Amino acid sequence: MKKAGTFLCGILAAALLSGCGDVMPELTQEETDLITEYAVNVLLKYDKHHKSRLVDTTAYDTVAEEVAEEIPEEIPEEEPQQESPANDTEVIDVSQDVETALPSTIEDYYGIEDITFQYLGYDLMQSYPSGGSEEDMFFSMDATEGSQLLVIRFMASNVSSTDKTLNMIDCGAKFRVSVNGGVAKSVLTTMLLDDLQTYSGVIPAGYSVELVSIVEVPQSESVGAIEFILRGRDENVPIILQ
């Protein structure tokens with residue numbers, strides 16, 4: 001290293017001392033830079049202890065390219081599909097299930113206005129009426145042998161402020177009666193003036209008349225449940241009296 005330095009110094013001295021006498025030759029900036037660069041390169045060349053800090057990255061670039069080829073391309077993440085919320089609400093079509101409310105009273109079934117009918121009770125008799133006037137006795141009726149008359153009583157009341165005519169025949173009234181859940185029987189057709197099925201008369205405003213429907217039942221039968229069935233319209237309607 002020392003020998004190389006001495007050699008370089010000699011070269012620089014010869015260059016600098018060449019010319020007329022002891023006068024330092026004038027050098028341009030470019031010439032000065034060239035001499036300086038050359039001197040540095042010569043020193044580094046002969047300095048065995050010097051190692052270049054510039055690293056050759058060619059090998060690293062090759063390895064990087066090989067590694068990149070082995071790495072699979074990034075698979076794009078698929079966004080999870082959002083499932084539509086399950087509709088657990090059961091839709092029920094009730095349009096076919098809704099039944100038209102059936103009338104539950106005599107006046108509603110036959111379309112009678114301003115007159116209401118109320119069940120009063122029943123009697124078991126051998127003849128009806130019993131112990132009445134001569135006129136009543138003329139229209140009386142007796143039970144057949146082995147039977148008794150079940151006389152079902154109703155109260156028809158005029159709830160309006162004017163007199164009302166009630167004509168059950170014009171209303172098309174027809175009744176059947178089932179006793180204790182047995183087979184329904186048609187009520188008896190009578191000439192009684194107070195027969196509900198055939199009654200025709202005027203009921204004064206605020207007044208009521210008692211009417212009856214009669215059916216025969218076995219002599220030995222005790223009455224528990226009574227079902228009064230309204231007929232004469234499109235559909236029969238049973239009324240539970242008791």
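Values in this document were obtained by computation on a predicted structure and should not be read as measured data. Computation of the quantities below employed the complete heavy-atom set of this structure, encompassing side-chain atoms and omitting hydrogens, waters and symmetry-equivalent molecules.
Looking at heavy atoms from C-beta onward, L124 lies in side-chain contact with V217 at the 4.5 angstrom threshold.
The cluster map of Ile, Leu, Val, Met, Phe, Trp and Tyr, joined by side-chain heavy atoms under 4.5 Å apart, puts Y122 and L241 in the same cluster.
Residues V215 and L188 approach most closely at CA-CG, 4.3 Å, considering heavy atoms. In terms of heavy-atom proximity, A205 sits nearest to D163 at N-OD1, 2.9 Å. Annotation for L166 and A156: closest pair CD2-CB, 4.4 Å, computed over non-hydrogen atoms. Nearest heavy-atom pair, L192 versus P129, reported as atom, atom and distance to 0.1 Å: CD2-CD, 4.1 Å.
Although no hydrogens or angles enter the test, the distance criterion places a donor-acceptor pair under 3.5 Å between the side chain of N180 and the main chain of G224. S160 contributes a side-chain N or O that, together with a main-chain N or O of T162, makes up a donor-acceptor pair within less than 3.5 Å. D195 contributes a side-chain N or O that, together with a main-chain N or O of Q197, makes up a donor-acceptor pair within less than 3.5 Å. In this structure, the side chain of N158 does not engage the main chain of I115 through any donor-acceptor pair within 3.5 Å. Here the side chain of R176 pairs a donor or acceptor atom with the backbone of A184 at under 3.5 angstrom. Checked by atom type and distance alone, the side chain of N236 never pairs as donor or acceptor with a backbone atom of R231 at under 3.5 Å. Between the side chain of Q148 and the backbone N or O of E221, at least one donor-acceptor pair lies under 3.5 Å. Proximity of a side-chain donor or acceptor of E216 to a complementary backbone N or O of T144 within less than 3.5 Å is detected.
Remark: F117 pairs with no residue by the ring pair (Phe, Tyr, Trp, His ring centres under 6.0 Å) rule, at least two apart or across chains. R233 is linked by a salt bridge (Lys or Arg N to Asp or Glu O under 4.0 Å) to nothing, counting only residues two or more places apart in sequence or in another chain.
Between F175 and F228, the ring planes lie tilted relative to each other; the angle falls in the 30° to 60° range.
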Item checked: side chain to side chain donor-acceptor pair (under 3.5 Å) evaluation trace for Q242 with E227 -> CA-CA 7 Å; Q242 65 176 52; E227 186 177 61; over 6 Å; no
